[in-house]
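Please read the structure below before turning to the comments.
Treat the numbers as computed from the prediction; the structure is a model and nothing was measured. Counting begins at 1 with the first residue of the sequence.
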Amino acid sequence: MKNETLSINGIPVPVHRFNTVVVGSGAAGLAAADRLFRFGQQSVALVTEGLEWGTSRNTGSDKQTYYKLSLAGADADSIRETARTLFEGGAMDGDIAMAEAASSARCFYRLVELGVPFPHNAEGEFVGYKTDHDPRRRGTSAGPLTSKFMTECLLASVRETGVAIFNRRQVIEILTADEPGGARRCVGVLVLHIDGREWPATRYEIFAAENVVYATGGEAGMYAMSAYPQSQTGSTGVAFRAGVTGKNLTESQYGIASVGFRWNLSGTYQQVLPRYVSTDADGGDEREFLDPYFSSPTALLRAIFLKGYQWPFDPRKIADEGSSLIDILVYHEIVHKDRRVFLDYRHNPACAGEGGQLDPGRLDDEVRSYLEYSGALFGTPLARLVHMNRPAIELYADHNIDLSVEMLEIAVSAQHNNGGLAANHWWESDLRHFFPVGEVNGSHGVYRPGGSALNAGQVGALRSAEYIAHKYRGEPPTPQTIESQCGAQLENTIAIGEKAIASTDHPWDLHGVIQEIRLRMSRHGAHIRSREGIETAIGESERLLQTLRAGVSITGPGHLRQLHQLRDLAVCSHVYLCAIRDYMDAGGESRGSYLVHAPGGTVPANGLPDVFAYTLDNGARAAMIQEVSYTPDACTCTWRPVRPLPQPGDWFETEWARFQKGEIYQ
């Protein structure tokens with residue numbers, strides 16, 4: 001590492017030089033840093049806003065799943081079959097599906113060796129189970145905190161390498177330069193030093209790099225109703241500003257989660273049959289609101305139970321009193337009726353039996369059998385949860401929520417982004433030398449198997465590190481080169497913050513403006529979408545962008561971090577909304593984890609407004625991928641066919657020769 005200083009707008013800015021800068025300290029970013037060092041590229045820095053922040057470290061579910069090739073039993077499986085499962089989810093490139101399948105076992109066993117406690121039997125087989133959209137038994141789990149264990153073990157390994165870690169740094173600009181032939185490449189990042197932002201001399205830093213691995217997670221800060229941890233915001237808008245193409249931005253996942261402490265309410269949280277209650281804004285006027293929309297207690301209790309297995313909202317599971325009807329009803333209470341919604345584990349649903357008891361005769365065979373086999377066909381939802389999954393209660397108790405004395409407030413929340421930034425099968429984007437890995441990478445299609453995101457992050461880290469170690473080992477640019485190539489970028493970005501500090505007229509309520517973006521996205525750009533709502537939201541986002549370009553006033557340097565978050569969210573939300581509008585223009589209908597309003601379509605249940613009328617997508621776009629590019633003047637959306645599943649060679653001598661010559665990296 002070589003350190004020098006540039007003067008930008010009269011402010012001294014240190015320049016750190018590394019071959020590769022990894023941005024983000026979740027499971028994908030840590031894996032990338034670890035892999036790079038062990039592949040022999042030791043000029044590596046890890047740059048992060050918070051070393052123990054982010055989704056990987058601070059989220060989970062009832063049984064957080066890791067998806068991989070089957071590694072136990074006599075069930076037939078193969079890399080190609082696993083790739084086919086990923087590919088057939090729709091809107092997924094075949095070469096990426098093959099790469100994720102081919103390296104899944106390699107990445108999984110690396111985590112095992114690092115100490116992640118994935119269970120195996122007495123003979124050493126890692127027995128699996130079926131997860132969402134999974135025809136085999138490829139899922140495994142280390143419990144509700146699988147990804148947390150991953151980050152802990154990976155961070156320990158990174159610390160062993162001595163990789164330089166720069167904590168409390170927020171990326172506010174991706175530095176780019178021209179290459180021969182007209183292509184653009186990444187040459188580093190400009191960061192805000194969060195702990196030094198009060199003083200100009202310690203406020204900014206430049207990381208000059210031959211490569212940037214971008215592992216900033218999904219755009220979690222874009223929604224008011226969110227299952228992401230509060231510490232996770234995302235930085236996709238920064239990449240859009242740098243010219244990186246977006247991919248499948250319409251495809252995100254949404255599901256029921258708790259609001260105070262953010263956590264997915266899947267698995268036993270639903271299978272114990274809690275009571276769904278809504279209240280007015282002050283907590284009064286308590287009522288069970290699901291009953292009128294179901295034909296019988298049996299149908300309602302089955303829908304609640306199935307939310308455990310079928311947690312993400314899915315328009316294919318609305319009809320015939322399906323489990324996703326519950327998501328619609330929860331949204332209807334909160335958004336249209338301005339009420340609050342809770343799960344109550346202290347009492348059985350009123351429809352479950354007389355006198356507050358659970359009547360087994362009101363349960364269908366699947367629900368009754370599950371509870372009976374689990375030894376839990378008794379008592380209240382809380383008693384059943386204590387019997388079946390006591391840690392689920394303790395988790396909330398650790399966050400000062402006592403399910404034995406209070407109800408749990410919920411909402412249908414953004415949980416995962418299947419889309420993101422576009423990249424090839426080595427995880428390099430169209431901005432050369434820039435590698436988005438983890439959730440920020442749009443590698444997933446419409447329907448991904450549960451747990452495949454954890455595998456994709458590890459595979460992306462492996463693939464990007466391997467490619468860099470073999471192809472991009474050059475020296476980072478000098479400060480003089482950075483100044484000549486990126487001077488205007490640096491001056492403009494730093495000036496935005498400095499002018500905002502210097503301006504004292506009418507300081508912005510940054511938190512309020514960010515909250516407006518989040519409410520707009522949860523209302524119009526989440527799991528319930530309409531043409532009218534999208535047009536309204538795009539108009540509002542365009543006006544915000546115009547206002548931001550005119551300049552912002554803040555009360556002091558302490559608000560710089562929030563100012564740059566606002567810049568990111570304003571661009572990112574606008575690009576996502578434009579992608580949704582383009583999908584509608586292309587005739588796209590309800591699929592994945594969202595409902596698109598279709599006038600004259602099917603209304604899910606009697607008594608619901610027409611805004612929920614929908615038509616299922618016919619699959620005509622399953623073999624197409626939407627890509628989006630952003631400039632301050634326009635969002636441009638295009639469609640292309642998916643890249644097919646490759647037909648890799650399987651003759652050893654031929655592939656050995658290609659490997660030795662480095663032809664696999666061409």
Side-chain angles (χ1 to χ4, degrees), residues 20-36 46-60 64-68 86 92 96 99-100 103-104 107-108 110-111 146-155 158 171 174 189 211-222 228-229 231-239 244 246-249 251-253 414-429 434-444 448 451-468 572:
T20 302
V21 170
V22 179
V23 182
S25 55
L30 291 168
D34 188 56
R35 292 284 192 180
L36 279 160
L46 184 76
V47 175
T48 177
E49 284 189 64
L51 193 57
E52 296 186 356
W53 294 3
T55 302
S56 301
R57 185 84 175 198
N58 295 286
T59 195
Q64 194 181 26
T65 300
Y66 190 102
Y67 192 75
K68 52 155 185 51
L86 298 172
M92 184 172 192
I96 293 177
E100 290 185 4
S103 293
S104 70
C107 291
F108 173 73
R110 171 68 177 155
L111 293 171
T146 299
S147 63
K148 181 175 185 289
F149 295 150
M150 289 167 59
T151 60
E152 290 171 342
C153 293
L154 286 163
L155 179 58
V158 168
V171 171
I174 295 165
V189 294
N211 312 287
V212 169
V213 176
Y214 204 61
T216 55
E219 200 60 19
M222 201 165 63
Y228 291 93
S231 60
Q232 172 67 16
T233 56
S235 299
T236 311
V238 179
V244 183
K247 174 183 178 184
N248 284 340
L249 300 182
E251 308 306 315
S252 292
Q253 281 187 189
Q415 182 262 348
H416 189 272
N417 191 1
N418 285 1
L421 301 176
N424 64 18
H425 68 299
W426 288 106
W427 271 252
E428 185 177 18
S429 73
F434 184 83
F435 296 80
V437 304
E439 192 179 342
V440 75
N441 185 292
S443 65
H444 307 295
R448 67 176 181 87
S452 60
L454 291 181
N455 175 66
Q458 295 302 291
V459 171
L462 166 67
R463 300 275 295 178
S464 60
E466 183 178 347
Y467 191 86
I468 289 167
C572 193

Looking at [X] and [Y], what are the two nearest heavy atoms and their distance?
X      : Y      : answer
Val437 : Ala28  : CG2-CB, 4.0 Å
Cys572 : Thr236 : SG-CB, 3.8 Å
Ile96  : Ala423 : CD1-O, 3.7 Å
Ala27  : Met150 : CB-CE, 4.0 Å
Ser429 : Val244 : CB-CG1, 4.0 Å
Gly29  : Val22  : O-CG1, 3.4 Å

Any side-chain heavy atom of [X] sitting closer than 4.5 Å to one from [Y]?
X      : Y      : result
Val238 : Thr216 : no
Met92  : Glu100 : yes
Ser103 : Arg110 : no
Asn58  : Gln232 : no
Tyr228 : Asn417 : yes
Arg448 : Gln253 : yes
Val212 : Ile174 : no
Leu155 : Thr151 : no

Between the main-chain N or O of [Y] and the side-chain N or O of [X], is there a donor-acceptor pair closer than 3.5 Å?
X      : Y      : result
Glu251 : Asn418 : no
Ser104 : Lys68  : no
Arg463 : His425 : yes
Ser25  : Glu52  : no
Gln458 : Cys107 : no
Tyr214 : Ser235 : yes
Ser464 : Gly460 : yes

Look up atom [atom1] in [X] and atom [atom2] in [Y], then write down how far apart they are to the nearest 0.5 Å.
X      : Y      : atom1 : atom2 : value
Thr65  : Leu454 : OG1   : CG    : 8.5 Å
Tyr467 : Asn424 : OH    : CG    : 7.0 Å
Tyr67  : Leu86  : OH    : CG    : 6.0 Å
Leu36  : Thr20  : CG    : OG1   : 5.0 Å
Ser252 : His444 : OG    : NE2   : 10.5 Å
Leu154 : Phe149 : CG    : CZ    : 13.5 Å

**Prompt:** Picking from Leu46, Ile468, Val21, what satisfies side-chain contact (heavy atoms from CB on, under 4.5 Å) with Val213?
**Reply:**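 Single side-chain contact (heavy atoms from CB on, under 4.5 Å) partner of Val213 among Leu46, Ile468, Val21: Ile468.
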**Request:** Take Asn441 and Phe435 through the side-chain contact (heavy atoms from CB on, under 4.5 Å) test and state the conclusion after the steps.
**Result:** CA-CA 9 Å; Asn441 185 292; Phe435 296 80; over 6 Å; no
**Asked** Could you go step by step and tell me if Glu439 and Glu219 meet the side-chain contact (heavy atoms from CB on, under 4.5 Å) rule?
**Response** CA-CA 9 Å; Glu439 192 179 342; Glu219 200 60 19; over 6 Å; no
